[in-house]
Amino acid sequence: MSIAIRPYHPSDLYSLYQICLKTADSGQDGSHLYRDPELIGAIFAAPYAVAEPDLCLIVTVDEVPSGYILGTRDSAAFGAWAELNWFSHLRRRYPLPAEGDDSFDAAAIRSIHEGYSPEPQLASYPAHLHIDLLPAAQGQGWGRRLIEQFLARLRELGVRGVHLGVGKANSGAVQFYSRVGFQRVLEADTWIGYGRFL
């Protein structure tokens, strides 16, 4: 088995959607949670690769995309870009669900209609990232390598800090972020915000 990290290519976009879905249940396969398999990737993966492909890295296992790290160097600027170029289009595809709909799809669609806005408590860390690995690429140090390469790129760009959010139920990820130098900055009902200065 051959595992490697390489830059993102536009032909990887479909794989980003798949990887995002297959890690959407606190790091486990979330395919059973969503009726629309593209929905979660349309929020947490694809817009970053489209907006800032230079900040997207792919882990391949035997040449097959099996993980990624992606994000933005400036969360506020990304929010403005996403509102104009991404969410405004998705809202036409995904109208607001009925008020009583408590499905995972409905929650995701409501977040599309709310749009992206940076969390004020994380403003000292202007960049943010998302990282997901399929089982074939887990437990071998590739997540740490992705973080290291991503942070090195942010430093090249003169970014002063980066943040991320993780669901409290994802205990493996919570432990991982502490091990790679991120500090808890905020704690919400269901998720934790981590930050790291560069």
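All residue numbers in this chain count up from 1 along the given sequence. Any value given below was found using the heavy atoms of this structure, including those in side chains, with hydrogens, waters and symmetry copies removed.
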A.B. asks: Any chance you could measure Trp81, atom CH2, to Thr72, atom OG1, to the nearest 0.5 Å?
C.D. replies: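 Between Trp81 CH2 and Thr72 OG1, I get 9.5 Å after rounding to 0.5 Å.
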A.B. asks: Distance check, rounded to the nearest 0.5 Å: Ser75 atom OG versus Glu119 atom CD?
C.D. replies: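 Nearest 0.5 Å value for the OG-CD distance: 11.0 Å.
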A.B. asks: Quick one: does Val64's side chain get under 4.5 Å of Val61's, heavy atoms only?
C.D. replies: no
A.B. asks: Is the distance between the ring centroids of His128 and Tyr194 less than 6.0 Å?
C.D. replies: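 That pair fails the under 6.0 Å test.
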A.B. asks: Would you confirm whether the ring centroid of Tyr116 sits within less than 6.0 angstrom of the ring centroid of Phe78?
C.D. replies: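 Close enough - the centres of the two rings lie under 6.0 Å apart.
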A.B. asks: Any side-chain donor-acceptor pair under 3.5 Å between Tyr48 and Glu52?
C.D. replies: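 No donor-acceptor contact under 3.5 Å links the two side chains.
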A.B. asks: Mind jotting down which residue pairs meet the side chain to side chain donor-acceptor pair (under 3.5 Å) criterion with at least one end in residues 151-161? Sequence neighbours excluded, please.
C.D. replies: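 Sorted pair list: Asp54-Arg153, Arg153-Glu156.
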A.B. asks: Regarding Arg91 and Glu114, does a basic nitrogen lie under 4.0 Å from an acidic carboxylate oxygen?
C.D. replies: no
A.B. asks: Less than 4.5 Å apart, any side-chain heavy atom of Arg144 and any of Glu148?
C.D. replies: yes
A.B. asks: Is the distance between the ring centroids of Phe176 and Phe182 less than 6.0 Å?
C.D. replies: no
A.B. asks: Report the hydrophobic cluster partners of Val185, with the cluster defined as I, L, V, M, F, W, Y residues connected by side-chain heavy atoms closer than 4.5 angstrom, directly or transitively.
C.D. replies: Leu122, Tyr125, Leu186, Trp191, Phe197
A.B. asks: Check this for me: Gln183, atom CD, are more than 12 non-hydrogen atoms of other residues, nucleotides or ligands nearer than 6.0 Å?
C.D. replies: no
A.B. asks: Say whether Leu16 and Ile147 are linked into one hydrophobic cluster, either directly or through other cluster members, by side-chain heavy-atom distances under 4.5 angstrom.
C.D. replies: no
A.B. asks: Under a 4.5 Å cut-off applied to non-hydrogen side-chain atoms, are Lys168 and Thr190 in contact?
C.D. replies: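 No; the side chains remain at least 4.5 Å from each other.
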A.B. asks: Cluster question for you: counting only ILVMFWY and a side-chain heavy-atom cut-off of under 4.5 Å, with indirect links fine, are Leu146 and Leu154 together?
C.D. replies: yes
A.B. asks: CD1 of Ile192 to OH of Tyr177: how many Å apart, nearest 0.5 Å?
C.D. replies: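 Taking CD1 in Ile192 and OH in Tyr177, the distance rounds to 11.0 Å.
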A.B. asks: Using a cut-off of 6.0 Å, state whether more than 12 heavy atoms not belonging to Glu187 lie near its atom CD.
C.D. replies: yes
A.B. asks: Side chains of Arg145 and Ile5, heavy atoms from C-beta outward: is any pair under 4.5 Å?
C.D. replies: yes
A.B. asks: Side chains of Val59 and Leu134: does their closest heavy-atom pair fall under 4.5 Å?
C.D. replies: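 They are not in side-chain contact.
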A.B. asks: Would you call Leu39 and Phe104 a side-chain contact if the rule is heavy atoms closer than 4.5 Å?
C.D. replies: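 The answer is no, as the side chains (C-beta and beyond) never meet within the 4.5 Å cut-off.
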A.B. asks: Please walk me through it: do Ile3 and Trp142 pass side chain to side chain contact (heavy atoms under 4.5 Å, CB included)?
C.D. replies: CA-CA 9 Å; Ile3 306 181; Trp142 293 101; 3.3 Å; yes
A.B. asks: So how far is it from Leu90 CG to Ser111 OG, rounded to the nearest 0.5 Å?
C.D. replies: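 Rounded to the nearest 0.5 Å, the CG-OG separation comes to 9.5 Å.
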A.B. asks: Give a yes or no answer on whether the side chain of Asp29 reaches the backbone of Thr23 with a donor-acceptor pair at less than 3.5 Å.
C.D. replies: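 Pair absent, no side-chain N/O of Asp29 close to backbone of Thr23.
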A.B. asks: How about CD on Gln138, more than 12 heavy atoms from neighbouring residues, nucleotides or ligands closer than 6.0 Å, or not?
C.D. replies: yes
A.B. asks: How long is the span from the CD1 atom in Ile58 to the CG atom in Asp12, to the nearest 0.5 Å?
C.D. replies: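 Answer for the CD1-CG pair, Ile58 versus Asp12, is 4.5 Å.
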A.B. asks: Under a 4.5 Å cut-off applied to non-hydrogen side-chain atoms, are His130 and Ile69 in contact?
C.D. replies: no
